[in-house]
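Residue numbers count from 1 along this sequence. The figures that follow rest on heavy atoms only: side chains count, while hydrogens, waters and symmetry mates do not.
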Amino acid sequence: MRLSLSEIRSRAIAFAHDWADASSERAEAQSFWQAFFNVFGINRRSVASFEEKVRNLGGSFDRIDVFYTGVMLAEHKSRGQDLSKAASQAFDYVQSLTREGRTDEVPKYIVVSDFARFVVYDLESEDPATPVAKFPTAKLHENIRRFGFLWGQDTKPVDPEDPINVKAVEILGELHDALEHGGYRGHQLERFLVRVLFCLFAEDTGIFDPDTFRRIVEQARWDGSDLGPALARLFRVLDTKPDDRPANLPEDLAALPYVNGELFTERLDFAEFTGPMRAALLKCCNFNWSRISPAVFGSLFQSVMAGEEGQRQRRQIGAHYTSERDIMKLIRSLFLDDLQAELKSCGSDQRKLKAFQDKLAGLRFLDPACGCGNFLVVTYRELRLLELEVLRKLHSGRDDAMQLFSGALLKVDVDQMYGIEIEEWPARIAEVAMWLIDHQMNLRVSEEFGKPVTRLPLKKGAKIHLGNALRTDWNTVLPASECSYVLGNPPFVGKKEQNASQKADMARVWGDVRGAGVLDYVTCWYRAAAKYIAGQRITAAFVSTNSICQGEQVGVFWKHIRQVENVHIRFAHNTFAWQSEARGAAHVHVVIVGFGIQPTHAVLWDYSDDPDHPTVTRLSRLSPYLVETDDIFLPKRTKPVCTVPQMNYGSMMIDKDRDIPDSLGLVLSSAERADILRETPAARPFIRRLYGSNEFINGDERWCLWLVDAPPNIARSSRLISEHLKAVKRFRESSGRTRTRELAATPGLFGEIRQPKSAYLLVPKVSSEARRYIPIGFMPEDAIASGSALVVPDASLYEFGMLTSDMHMAWVRRVCGRTKSDYQYSARLVYNNFPWPQDVSTARKAAVEAAAQAVLDARDQFKGQTLADLYDPLTMPKALRDAHKKLDREVDRCYRSQPFQSERSRVEFLFNLYLKLTEPLLPARPARRRRS
């Protein structure tokens, strides 16, 4: 049974205490490691051996101190000795294991110790020789996550982003702006900049001779007047075969390669350069473009091309440029980690290595929303790096290495990449980016084997289909029977932001599914992919906004995908902050979901504890909420699943068109209230404070006419009140809804009245996700709750404590829908499905109530402060924070005595409790038909 994190920490503290002053006896060293495994609840005898024999280069045997096959190798030294020597010895053992053909036994980690210290090496990191952790034994309890690999939780560093890419955006952006200000715009400017960027990259990576392009710019007149024709001439040369070029062409131009690929085919008008435009291009020439990853080439270009209007249009289309850092998260999970492990298992077996290279060359990838091709570029680069490793093992030092230079032994090529893109220019940019990465990888091969490898003129290219992916049969682009993986970053467009064309796409894809109007645009790609991979062994993975795994979408989208399309989630990256290379990029939170038809185990990357080092856990299954439970599709319930007070909406005014400023209705500003009271003092009891989410949290002051029990003469004697009521009557009479027109008969009353008759608990419908807790509170019965608030009549301190606890917030963060990034709390979805603790003792309930009162008391210490002030994560008072922590502990104890160690453990517990509570309520599953 897996130990809890708190139990492991407790054992680690005891371990450090016991071994702090240990000696260097060999027997004690073995006892040390026996106790070390016990910290993690592992029976050492069942998994690891002492004094494991391994044959060294001299033919004799060395002995590994501690050997956990395929997982960990440990070397132990006497106290105070140089641990780097122990590490060197351990690395030698790893080489010996490989040399003996025991590749399946090669560990992932090396750990060295001298009783007083631990040093950990990750052999799968980019720099295995650099420790990933160093700490004293006394601090083991603070570093137990470093040994997550011992109990099924690895922590993997996130690939960093290169800041050089941002600098490139700035430089190219200056050139774009200078050209645009000079009147060079639209199609001409787009094509021109693609060519310039290709030339800059080609010059710095050896496609062109050094400084070929720079000299053309430098030799132009200082005012740039002859630079346009000179560049046009250059482009014509690059599009002409050497045998067809003029005989008297200058030597530097004649030496240029024939590029082909239609990049330079179209004849463009001259760009009428000026001095500042020439200076901007020279600045580009002075930048080292060889350091730019082609993976972000398209993103850079698209970002530069889009001014404010262009950026708005791209956001409407839904194009979000995923950074290379986040692309690597997807492709590692989808295929790369598995391929790297397979390559490692090949060892030096020539037959296996050749078969593995053939497998790489046979893979086909489809990105059905490829944009500028960054997913395909990174995928291709990683395939080529794997192939390069194969070539090292097969051909280094051999005579047949010369065949590499003709490309005869290179099998992976750009035509393995397929894409669909709705816009022409991103599609063309994707093709160019693929050529650039192909050249970069050819350079890597050249550097490895000492001779140049080139693929000019261009003969093969990525196959990018221009069209709407949702109105295209993907099999016409790449037959599913030939496809290996589907991947990408489909458009991020919420249900309210969809334009007419996107709504038509939604109807085309989801029109046969009831309730699909709540779905985001990205879900169309999931359903299209599900149909495409049906009957195939294809795995697909998309980056998507996390809304697809939250709120009301799950019950429609995933229920259909799972139960009708029979799709299984194979892996997922839980919510993380999405990064983009594009200028003006939106701030969104995303998930990565990998899926296929065949059921299998699941892997979850969780970023809640450390955004840069996610916890990786192998699970038996993953539900659509990305927790390890059976499938759950939370319905919109009219009543809670537990015996708790009912939560209702506040009262709805239905009094005016709020898009028309200064229109009269039942809601009053402070100034309007003051005017009415000066005119009619007797109206005071019938003008009440109005509270919605904003008023409750931020303290904004709004009032309303509350004439439920008002005598008729109050309204008749007030000209101002009468004007408000007449306006309400006109609004309701003009409505297209029958029910609203009926309300015109009572213009002095709210359209929907749900005001409690006694004190109540107010829960804001909308609240910032930045807050640790949604601010809620008790309100008197004369405080009117509007439709942007939810109310729980007759709630006690116990209900208040439960709803403002970390336990409830864990449920909110996973289940709640979003408005932008803010929580959109729902009574029917969040509150009514929330699994409250069962069989809570009187003492436990009293403890929660006492802690809840302490939270209210802590708030009262700061008179005049709004709830927004008190719950700001940067300014939350310590007294209030401490009171909430105490409340969290008491609420946790109502669920179980064992503490929850992470957000994920809370959520999994809650979902499993929900299943227990609702199992009798769930419809019986239809019996499967037996095959005759």
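V509 meets the side chain to side chain contact (heavy atoms under 4.5 Å, CB included) test with L470, C524, R527; sequence neighbours excluded.
Between F696 and Y691, the two ring planes are perpendicular [angle over 60°; tilted spans 30° to 60°]. The aromatic rings of Y914 and W811 lie tilted to each other, with the angle between the two planes from 30° to 60°. Between F900 and Y895, the two ring planes are perpendicular [angle over 60°; tilted spans 30° to 60°].
D794 and S758 share a donor-acceptor pair across their side chains, judged by distance under 3.5 Å alone. At a cut-off of 3.5 Å, with distance as the only test, a side-chain donor of D869 or T866 sits close to an acceptor on the other residue. T738 and R741 share a donor-acceptor pair across their side chains, judged by distance under 3.5 Å alone.
In this structure, the separation between CG on L749 and CD1 on I654 is 11.5 Å, given to the nearest 0.5 Å. Here the OG-CD distance, from S623 to E908, works out to 8.5 Å after rounding to the nearest 0.5 Å. Note: L887 CG to D882 CG = 12.5 Å, rounded to the nearest 0.5 Å. Note: Q550 CD to T545 OG1 = 9.0 Å, rounded to the nearest 0.5 Å. To the nearest 0.5 Å, atom CG of residue N574 and atom CD1 of residue I592 are 11.0 Å apart. A distance of 8.5 Å separates OG in S768 from CG in D872, rounded to the nearest 0.5 Å.
Using a cutoff of 4.0 Å between basic side-chain nitrogens and carboxylate oxygens, R508 and D505 are not scored as salt-bridged. Here E723 does not pair with K726 in a salt bridge; the nearest charged N to carboxylate O distance is not below 4.0 Å. Salt-bridge formation is not detected for the pair K845/E849: no Lys NZ or Arg NE/NH1/NH2 atom is positioned less than 4.0 Å from an Asp or Glu carboxylate oxygen. No salt bridge links D822 with K765; every basic N to acidic carboxylate O contact stays at or beyond 4.0 Å. With respect to the salt-bridge test (charged N to carboxylate O, under 4.0 angstrom), the residues E903 and R906 do not qualify.
Under a 3.5 Å cut-off, the side chain of Q824 and the backbone N or O of C816 do not form any donor-acceptor pair. The backbone N or O of R719 lies less than 3.5 Å from a partner atom in the side chain of E679, making a donor-acceptor pair. A donor-acceptor pair under 3.5 Å is formed between the side chain of N499 and the backbone N or O of Q502.
Annotation: side chain of I721 is not in contact with side chain of F686 (no heavy-atom distance under 4.5 Å). Looking only at side-chain heavy atoms (C-beta outward), S767 and I697 come within less than 4.5 Å of each other. Here the side chains of L690 and E695 are not in contact, with every heavy-atom distance at 4.5 Å or above. D892 is not listed as a side-chain neighbour of S805, based on a closest heavy-atom distance of 4.5 Å or more. Counting heavy atoms from C-beta on, the side chains of W836 and P640 never come closer than 4.5 Å. Under the 4.5 Å side-chain criterion, counting only non-hydrogen atoms from C-beta, L705 is not in contact with E672. Annotation: side chain of L761 is in contact with side chain of L803 (closest heavy-atom distance under 4.5 Å). Looking at heavy atoms from C-beta onward, F800 lies in side-chain contact with V855 at the 4.5 angstrom threshold.
A cation-pi geometry, defined here as NZ or CZ lying under 6.0 Å from the six-membered ring centre and within 45° of its normal, holds between R689 and W703. Under a cutoff of 6.0 Å and an axis angle of 45°, R754 and F750 do not form a cation-pi pair.
H808 and Y823 have their aromatic ring centers separated by at least 6.0 angstrom. Ring-centre distance between H884 and Y871: below the 6.0 Å cut-off.
Exactly one of R730, R737, K729 qualifies for a salt bridge (charged side-chain N to carboxylate O under 4.0 Å, His left out) with E733. That residue is K729. Exactly one residue among T629, V907, L917 makes a side chain to side chain contact (heavy atoms under 4.5 Å, CB included) with N912. That residue is T629.
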